[in-house]
Structure formats: C-alpha cells, structure tokens
Amino acid sequence: MAASAGSVKCVLRRAMVPSVLVILGATGTGKSKLAIEIGKRFQGEIISADSMQVYRGLDIITNKVTDEERAQCPHHMMSFVDPLVTSYTVVDFRDKALSLIDDMQSRNKLPIIVGGTNYYIESLLWKVLLDTGQEAADSADGAEGAPDRKSELEKLDGAQLHKRLAEVDPEMAAMLHPNDRRKMARSLQIQQETGIPHSRWLEEQRGQEGGDGLGGPLRFPDPCIFWLHADMDVLEKRLDARVDEMLSAGLLDELRDFHARFNQQKVQKDGQNYQHGIFQSIGFKEFHDYLTVPECTTEQEKDSLRDKGIEALKIATKRYARKQNKWVRNRFLKRPGENVPSVYGLDVTDVSRWAETVLNPALQILDRLSKLTSSLRSIAIM
C-alpha cells in the first residue's frame with residue numbers, strides 16, 4: 001500500500017469523507033507538519049496520540065510541537081498531566097480523546113489523530129474491551145492505595161514470569177516472548193484482577209459484532225489513514241541529525257532541570273525504574289548515568305557519560321522508528337479484512353519534494369473523498 005515517489009496507492013473500500021483522519025509514521029517523518037497543513041485547509045483540530053506528550057515537561061525530548069506551530073492549528077492532549085503521575089492509562093486517554101472527537105464532529109471540524117503510541121491509536125480506532133479486565137489491570141497500575149501487582153511482577157525475571165503465565169494462561173504464554181517482561185506481567189495482572197485469562201478477553205473481543213482477528217469492530221466508519229514512510233537509511237541519518245538539533249535547542253539543560261525537580265529524590269531513595277509515566281521517555285533514562293554522576297567526577301568523565309547518553313539516545317530513537325513501522329505493516333498492511341481501514345502511503349524520503357510527494361497527494365485524497373461524499377448525498381436525496 002505504500003506509495004513510491006510521485007504516486008499514491010490506496011485501498012478505498014467505501015466513498016466517504018473520513019469521520020477521522022489518522023496520520024501514522026515513524027518518529028521523524030513529519031507527521032505533525034502534515035497534520036498542521038491539513039488542519040489549516042480542512043478546518044481540522046489535532047489530537048496527539050503520544051503517551052509521553054500528555055505529560056508536562058520534557059518538551060524537547062518528547063518532540064512536542066512549538067507554541068508557533070500550535071498557534072497555526074488547535075492541538076489537544078498535550079502537556080496536561082503532572083509528570084509525577086504514574087497512574088495515567090490508555091483508558092484515560094481514550095475517554096478524553098473520544099469526548100474531544102465528539103465535540104469536533106458536532107462543530108464540523110475534522111479530527112486529526114497524530115501518533116505516536118500504537119495502543120493509544122488502537123484504542124480510538126477499534127472498540128477494544130478496555131472497560132473489562134483490561135481496564136482494571138491498567139487502572140490498578142500505580143493507583144494510590146491499590147496493590148501495584150504489575151510493578152511487583154515486573155521485578156521477576158523473564159523465565160519466572162513465563163512459567164507463571166504458562167500455568168494460568170498457556171495460550172497467551174505461547175504468544176509472548178520470554179524476554180517480554182512487561183507484556184507477560186500485564187497478562188498475569190489481568191488474570192489476577194479478573195480471574196479470567198487474558199487470552200479469553202481477547203477472544204471475546206474478536207467475537208464482538210464487527211470484530212475479527214484484529215480485535216473489536218471499528219469505532220468510526222471509514223477513517224482515513226495516511227502512513228508517512230521513508231527509506232530507513234535516509235530516515236536514520238535524519239534521526240541522528242534531529243538528536244543533534246535537540247542538543248542545540250537545550251536538551252541537556254532540559255534533562256538536568258527535570259531530573260533535579262522530579263527524578264533526583266526517586267533515585268536517591270532507590271525508587272526509580274524508568275518504567276512508568278513520563279520517566280519512560282526515550283532520551284531521559286539513556287542519560288541516567290550522566291544525570292546522577294557524583295560531584296567529584298572529573299570533567300572528562302562527565303563528558304564521556306554525556307557522549308554515551310547521546311549515542312544511546314540515537315540508537316534508541318532508531319530502534320523505536322523501526323518498531324513503529326513494523327506495527328503499521330503488521331496491523332494495517334499484512335492483515336487485510338473488513339476491520340482494516342483504508343491506508344494511503346506517502347513517501348517522505350526526499351523532504352525537498354514534500355509538496356509533490358506528501359502534501360499535494362494528501363490534499364487530493366481528502367478533496368476526492370469530500371466530492372464523492374457530496375455525490376452520494378445528492379443521490380440519496382434524489
């Protein structure tokens with residue numbers, strides 16, 4: 001489904017203007033840029049589907065749009081959760097985002113979802129069973145006064161977790177890699193909270209009307225999805241350059257300030273594991289050694305730790321980009337079915353041809369969908 005330079009290939013199932021527009025793509029592909037340009041032309045408003053951007057702070061490392069960019073088009077779901085909160089869940093995101101989408105549609109505004117975080121996007125596109133055991137499991141994570149079962153489970157090694165999961169949910173154990181501690185812990189928590197295996201919840205989800213092997217039924221009729229993709233060699237060089245730009249924009253000062261205000265005390269109490277809330281952000285934990293270096297450390301040793309953090313950030317960013325692309329291919333391109341929305345691939349390899357290969361094709365697709373919808377409405381009236 002991906003488009004080559006100068007062309008767009010698509011799968012169009014029904015001729016409808018999109019109820020929602022989703023812009024996917026690896027980090028560094030220009031998702032926010034395209035969203036703003038579309039928003040200005042189609043009376044759209046942008047919803048950030050990024051699990052780290054919901055928190056206040058670390059604006060540079062989480063790659064939030066600037067104040068100038070936000071002024072061009074309304075943005076939502078950014079910088080509203082306190083950075084010390086660790087109990088914010090995908091359920092919280094979904095409920096607030098769906099309310100925003102309802103409001104936008106009532107005002108004839110185009111909701112533009114830009115992400116980001118895979119499971120945040122899935123919670124909006126598909127009707128998944130987040131209001132059953134999964135919600136209980138997610139909400140209990142870090143909740144005050146509740147046993148933090150998932151955190152306790154994550155302290156076990158992969159072999160122990162896999163053995164426990166195999167005893168209560170062998171089907172899920174067979175699906176998960178023994179090294180994927182977080183997912184195994186989550187599945188175990190769901191089973192403990194509800195008494196029902198995680199695999200059974202997923203089976204019931206697929207059995208809903210309109211559901212299939214991908215999960216529950218689509219939440220919105222005919223959403224339009226743009227996938228921004230690029231040659232990986234080119235993208236990885238671009239991501240390295242973006243890290244250098246972050247450093248020039250004051251990344252290290254941002255990290256030091258955030259560490260002093262929110263993280264230093266956790267580290268001193270040996271209570272920080274970088275697995276919850278904004279502390280999971282790519283780029284923050286990579287600088288742990290640099291940020292916690294003793295005062296007696298020499299400048300040469302500090303510089304070495306800084307450079308080590310920079311290199312770790314570049315590696316983690318490129319790894320994350322590959323993971324995002326893999327998700328798009330597996331979720332949308334390799335598993336066709338009635339429950340897979342239309343996907344339009346836009347090649348962003350050559351940014352000098354942005355208008356030709358990205359912006360203009362995207363605008364043409366949306367314009368075509370609008371005209372087709374108008375025609376269908378006219379026929380229905382007749």
Side-chain angles (χ1 to χ4, degrees), residues 13-24 31-32 34-55 64-65 69-81 85 87-132 134-136 138-139 205 208-211 214-226 331-332 338-343 362 365-366 369-370 372-374 376-377 380:
R13 206 170 280 110
R14 288 176 292 275
M16 297 282 288
V17 70
S19 47
V20 296
L21 172 64
V22 182
I23 301 179
L24 304 175
K31 298 185 296 293
S32 294
L34 179 61
I36 291 170
E37 291 177 332
I38 290 175
K40 291 190 295 185
R41 291 167 172 82
F42 282 84
Q43 295 295 303
E45 297 188 12
I46 296 169
I47 294 175
S48 169
D50 187 302
S51 62
M52 296 297 101
Q53 291 188 359
V54 301
Y55 296 96
K64 293 175 185 173
V65 293
E69 289 171 321
R70 296 185 71 167
Q72 297 180 53
C73 185
H75 283 69
H76 305 273
M77 304 299 286
M78 295 178 64
S79 300
F80 65 96
V81 179
V85 169
S87 58
Y88 189 84
T89 70
V90 63
V91 179
D92 299 316
F93 168 82
R94 179 207 60 186
D95 291 347
K96 184 174 179 65
L98 289 178
S99 177
L100 288 168
I101 291 172
D102 286 342
D103 176 65
M104 292 176 200
Q105 292 175 336
S106 72
R107 294 183 287 111
N108 293 318
K109 302 293 184 180
L110 174 63
I112 305 173
I113 303 166
V114 182
T117 302
N118 300 344
Y119 58 94
Y120 273 28
I121 296 167
E122 290 185 359
S123 76
L124 299 181
L125 284 178
W126 283 278
K127 292 182 180 179
V128 295
L129 288 179
L130 290 170
D131 289 328
T132 57
Q134 187 168 331
E135 178 179 13
D138 284 333
S139 298
Q205 174 179 294
Q208 293 183 94
E209 182 179 358
L214 290 170
L218 283 170
R219 191 181 299 279
F220 301 101
D222 300 282
C224 176
I225 298 180
F226 290 145
R331 188 61 159 150
F332 296 98
E338 287 299 317
N339 237 11
V340 182
S342 304
V343 178
I365 290 167
L366 291 172
L369 291 175
S370 298
L372 286 170
T373 299
S374 298
L376 289 175
R377 287 175 178 169

For D103, side-chain contact (heavy atoms from CB on, under 4.5 Å) partners two or more places apart: S106, R107
If you look only at distance, which donor and acceptor atoms sit under 3.5 Å apart when one is on a side chain in residues 109-120 and the other is two or more places apart or in another chain?
{"residue": "K109", "atom": "NZ", "partner": "Q43", "partner atom": "OE1", "Å": "2.8"}
{"residue": "T117", "atom": "OG1", "partner": "S51", "partner atom": "N", "Å": "2.7"}
{"residue": "T117", "atom": "OG1", "partner": "S51", "partner atom": "OG", "Å": "3.2"}

Spacing of NE2 belonging to H76 relative to CZ belonging to R70, to within rounding of 0.5 Å: 9.0 Å
Residue from D222, V20, V22, L218 passing side chain to side chain contact (heavy atoms under 4.5 Å, CB included) with P341: L218
For I47 against A97, the heavy-atom pair lying closest together: CD1-O, 4.0 Å
Identified salt bridge (Lys or Arg N to Asp or Glu O under 4.0 Å) partner of E122 from the options R94, R219, R331: R331
Residues that F80 engages under side-chain contact (heavy atoms from CB on, under 4.5 Å), provided they are two or more places apart: V54, M77, Y88, K96
Residues that Q72 engages under side-chain hydrogen bond (donor to acceptor under 3.5 Å, both in side chains), provided they are two or more places apart: K40
Least distance between heavy atoms, K64 atom then S79 atom: NZ-OG, 2.8 Å
Atom of L366, atom of C224 and distance for their closest heavy-atom approach: CD2-SG, 4.5 Å
Short side-chain donor-acceptor distance under 3.5 Å, D102 and S99: no
Nearest atoms (heavy-atom pairs only) where D92 meets S87: OD2-O, 3.7 Å
Shortest non-hydrogen contact from Q53 toward S48: OE1-OG, 2.8 Å
Listed partners of F226 passing ring pair (Phe, Tyr, Trp, His ring centres under 6.0 Å), at least two apart: Y344
Exercise: identify the closest heavy-atom pair between L124 and F220: O-CE1, 3.4 Å
